[in-house]
Structure formats: structure tokens, C-alpha cells
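Everything numeric here is computed off the predicted structure, so don't read it as measured data. Keep in mind that the numbers below use all heavy atoms, side chains included, and drop hydrogens, waters and symmetry copies. Along the sequence shown, the residues carry numbers beginning at 1.
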Amino acid sequence: MIEFPDSTEALLRLASGRSVRAGGTDLQERRHLGLARGPMVDLRDVKELATITVTGETLRVGARVRVAALAADPTVQQGWSGLALAAGALATPEIRNQATLGGNLLQSVRCWYFRRPGARCFQAGGEGCEARAGDHSLHSCIDLGPCLAPHPSTLAVALLAHEAEIEVAGGERWPVAALYGDGSDPRRVHRLPPGAVLLAVHVPRTLPGERAAYHRTSSRSRAEWPIADAVVRLVVTDGAIRYARVAVGGVANIPLRLGAVEQRLLAQAPTPALLADAAALAGEGARPPPGAAYKLEILRATVLTALEQALGEAVPKDSTTVVAVDAAVPEDRP
């Protein structure tokens with residue numbers, strides 16, 4: 001049975017005990033695999049969830065906004081370019097035209113042990129992580145908790161870099177980081193309680209002169225989940241980096257801010273050597289599972305490329321930095 005509420009108030013009355021469907025690109029697959037069951041609420045007719053507005057210094061994006069619309073919106077492109085770049089690069093054009101902001105933030109993990117009939121892992125209600133003793137070559141290289149599945153949301157990475165907040169029905173707001181927690185709970189990919197509904201995200205105005213970039217590394221250029229991806233926001237004033245935000249995904253069971261990388265960049269002239277030094281701090285201290293250890297070097301190269309793209313001509317061209325990744329990317333998945 002599918003219900004079609006036409007307002008937020010009607011949605012809240014129906015949401016408890018039901019799956020919520022927007023674009024359906026993840027929910028429909030999980031239902032097909034038997035990983036989601038029961039009645040659904042479809043957001044198709046809740047018009048207020050499908051708008052992009054700016055109020056004062058804050059961008060508000062409704063949870064039902066299509067990823068493609070977010071990427072193409074001129075206001076987002078001009079004022080929140082890191083978010084627009086990430087939205088325009090994830091998945092495929094077909095998926096971006098169907099998938100929604102809220103669905104991307106709340107989708108389930110893409111682990112091949114979870115995404116099969118009869119799954120027995122934590123995410124499927126079991127008592128272990130099958131990837132730990134199995135093939136975890138495309139799983140987390142920064143091991144934060146029992147579940148090794150990397151967090152799947154690219155938009156979560158962008159919103160973390162933009163220090164955004166989510167709006168939950170009832171008026172409550174959470175920092176994006178609070179939506180995902182610290183990675184220690186292996187059964188939940190997000191922290192919204194049952195029956196809660198994500199209505200929108202609120203993104204603060206970016207800074208004057210801000211430079212942003214998004215870069216992903218994957219085993220093929222299209223239709224593949226990233227091995228690692230990064231969103232970078234930087235401000236350079238008087239020849240030095242005065243502001244830095246670096247967030248990454250695909251490498252842990254939550255999206256991560258790289259505080260050590262950010263601190264290394266601050267108050268420094270943007271040279272190739274500085275960028276290489278900062279990128280080398282990505283994943284510092286991580287103890288990766290053996291099959292995913294190679295991803296740390298890919299993470300560092302991904303961060304370095306994003307930094308270089310963001311800074312562009314601000315980095316002197318009279319010297320270059322070469323990063324060698326001595327790791328083979330597995331070509332086949334089980």
C-alpha cells in the first residue's frame with residue numbers, strides 16, 4: 001500500500017511505521033532484494049519539499065529536490081559551488097535526474113554483503129560484518145567501527161564541508177555531522193529516529209573569494225561508486241590560505257572532515273610542496289583492514305587533486321608535484 005500525502009502535516013501523520021519514498025533509486029532496489037518491506041509513503045505531492053530558496057545568508061534546499069536540479073541551479077552554482085560540483089558529478093545523468101537530496105543523504109550502504117538476499121550483517125539485522133573476513137577491497141580504509149561499509153553519500157561530503165544543517169519535521173535542526181554520528185553504531189547508516197522526516201538542508205553563505213572543488217577517484221569514469229571523493233573549500237588572502245575545509249567520502253562508514261589537513265594549510269602560502277604535505281596527512285593514524293590499505297594512498301591523491309583544482313592559478317606554476325600511487329585498484333567485485 002502506498003500513501004500520497006499532499007502536505008508536510010499529512011506526511012507526518014503517515015510516516016510512522018512506513019518507508020518514505022522520494023526518487024526511489026535506493027528504496028526500490030532494497031525492496032526488490034527483500035531488505036525493505038511494508039507500506040510506503042510517497043513524497044511526490046508534497047510540493048514544499050521540492051524548492052530551492054535563499055533567505056538572508058542561508059541556502060535552503062528541500063529534501064525532494066532532484067540532484068540534477070541542485071547541480072544546475074544558477075544560485076547554487078554561483079554561491080555554493082562546492083555543493084553544485086559534487087551534485088553534478090555523482091552517479092549518472094539518469095540517476096541524478098531521479099534521485100533526491102534527501103534520498104542521497106539517507107540511502108543505505110552499498111556493501112555487496114548487505115545487498116544480497118539472505119544478508120546476515122549488522123546492517124541487515126545480523127550480528128557481524130561479513131566484509132571483515134571477506135572481500136573488503138572497496139570498503140573503509142579508515143576503520144571507525146564494527147561495520148566496514150563506506151558511507152555512500154557524496155552530498156553528505158559536500159554538506160559537511162559547507163557546515164550545513166538538516167531540518168527535521170517539527171523544526172529541529174542538526175549539524176550534518178550529527179546526522180551520521182561517529183561510526184560506532186554498525187546497524188544504522190544515519191541517526192534519524194523512526195518516524196522522523198528530513199525536510200530540508202540549510203547551507204550557510206560561502207565566504208568572499210572562496211575557491212571550491214570536488215574530485216572523485218573511481219575504477220571507471222562513469223556509473224561507479226567512488227573509491228574516494230573530496231570536497232575542498234579554501235580562501236586565499238594576501239598570499240596565504242586563511243580558511244580551509246576538507247571533507248572526504250568513500251573511505252569510512254561516515255563522511256569525514258580532515259582536520260589535520262585543514263590545519264596544515266592555514267596561514268601558509270599555497271605552494272605545491274604545501275599541498276603535498278597537507279594531502280599526506282589524510283588518513284593519518286588510520287589502521288585499515290588489509291584488503292583496503294591501498295585506498296589510503298588513493299585518498300591522499302584525491303585530496304591533493306581537489307586542493308590543486310580549488311587553488312588553480314593561486315599555486316605557482318614553476319614547480320610541480322607528482323604523487324605516485326603504488327596500489328592496484330581491484331577491477332572485479334563479487
Inset, instruction - Output all residues satisfying salt bridge (Lys or Arg N to Asp or Glu O under 4.0 Å) with Arg187, sequence neighbours left out; order by chain, then residue number. - result: Glu127
Inset, instruction - Verify whether one side chain among Asn253 and Ser140 offers a donor that lies under 3.5 Å from an acceptor in the other. - result: no
Legend entry - Residues forming a side-chain hydrogen bond (donor to acceptor under 3.5 Å, both in side chains) with Thr75, sequence neighbours excluded: none
Legend entry - Side-chain (Lys295) to main-chain (Ala228) donor-acceptor, under 3.5 angstrom: no
Legend entry - Set of residues satisfying side chain to side chain contact (heavy atoms under 4.5 Å, CB included) with respect to Ala293, sequence neighbours excluded: Pro288
Inset, instruction - Would you mind listing the cluster partners of Val157? Hydrophobic ones only (ILVMFWY), side-chain contacts under 4.5 Å, chaining allowed. - result: Leu85, Tyr214, Val231
Inset, instruction - With sequence neighbours excluded, tell me which residues meet salt bridge (Lys or Arg N to Asp or Glu O under 4.0 Å) with Asp277. - result: Arg264
Inset, instruction - Name all residues meeting the side chain to side chain contact (heavy atoms under 4.5 Å, CB included) criterion together with Arg66; count only those two or more places apart in sequence or in a different chain, and write none if there are none. - result: Ala69, Gln98, Thr100
Legend entry - Sub-4.5 Å side-chain heavy-atom contact between Glu308 and Leu304: yes
Inset, instruction - Check the pair Glu163, Arg257 against salt bridge (Lys or Arg N to Asp or Glu O under 4.0 Å), reporting the backbone distance first and the verdict last. - result: CA-CA 10 Å; Glu163 300 178 292; Arg257 277 266 304 273; 3.7 Å; yes
Could you list the donor-acceptor pairs under 3.5 angstrom formed between side-chain atoms of residues 197-207 and any protein atom two or more places apart in sequence or on another chain?
residue : atom : partner : partner atom : Å
His202  : ND1  : Arg173  : NH2          : 3.3
His202  : NE2  : Glu167  : OE1          : 2.7
Thr206  : OG1  : Gly79   : O            : 2.5

Inset, instruction - Decide, yes or no, whether a salt bridge links Arg242 with Glu210 under the criterion of side-chain N to carboxylate O below 4.0 Å. - result: no
Show which side-chain atoms of residues 46-54 pair as donor or acceptor with protein atoms under 3.5 Å away, not counting sequence neighbours.
residue : atom : partner : partner atom : Å
Glu48   : OE2  : Thr8    : N            : 2.9
Glu48   : OE2  : Thr8    : OG1          : 2.8

Legend entry - side chain to side chain donor-acceptor pair (under 3.5 Å) evaluation trace for Ser153 with Asn104: CA-CA 6 Å; Ser153 176; Asn104 188 272; 2.6 Å; yes
Inset, instruction - Please lay out, stage by stage, how Leu159 and Ile166 fare under the test side-chain contact (heavy atoms from CB on, under 4.5 Å). - result: CA-CA 9 Å; Leu159 292 171; Ile166 65 164; over 6 Å; no
Inset, instruction - Applying salt bridge (Lys or Arg N to Asp or Glu O under 4.0 Å), name anything that partners Arg211, two or more places apart in sequence or on another chain. - result: none
Legend entry - Side-chain donor or acceptor of Arg233 paired with backbone N/O of Ala161 under 3.5 Å: yes
Legend entry - Shared-cluster residues of Leu266, by chain and number - hydrophobic side chains joined below 4.5 Å: none
Inset, instruction - Calculate, to the nearest 0.5 Å, the distance between atoms NE2 and CG belonging to His215 and Leu307 respectively. - result: 11.0 Å
Inset, instruction - Please determine which of Glu130, Arg120, His136 meets the side chain to side chain contact (heavy atoms under 4.5 Å, CB included) test together with Tyr113. - result: Glu130
Legend entry - Partner residues of Arg132 under the salt bridge (Lys or Arg N to Asp or Glu O under 4.0 Å) criterion, sequence neighbours left out: Asp143
Legend entry - ring pair (Phe, Tyr, Trp, His ring centres under 6.0 Å) against Tyr180, all qualifying residues, sequence neighbours excluded: His151
Inset, instruction - Please assess Thr55 against Arg60 for the test side chain to side chain donor-acceptor pair (under 3.5 Å), listing each intermediate value before the final yes or no. - result: CA-CA 8 Å; Thr55 303; Arg60 184 184 187 274; over 6 Å; no
Inset, instruction - Determine, stepwise, if the pair Trp174 / Leu192 fulfils side-chain contact (heavy atoms from CB on, under 4.5 Å). - result: CA-CA 10 Å; Trp174 302 3; Leu192 280 185; 3.9 Å; yes
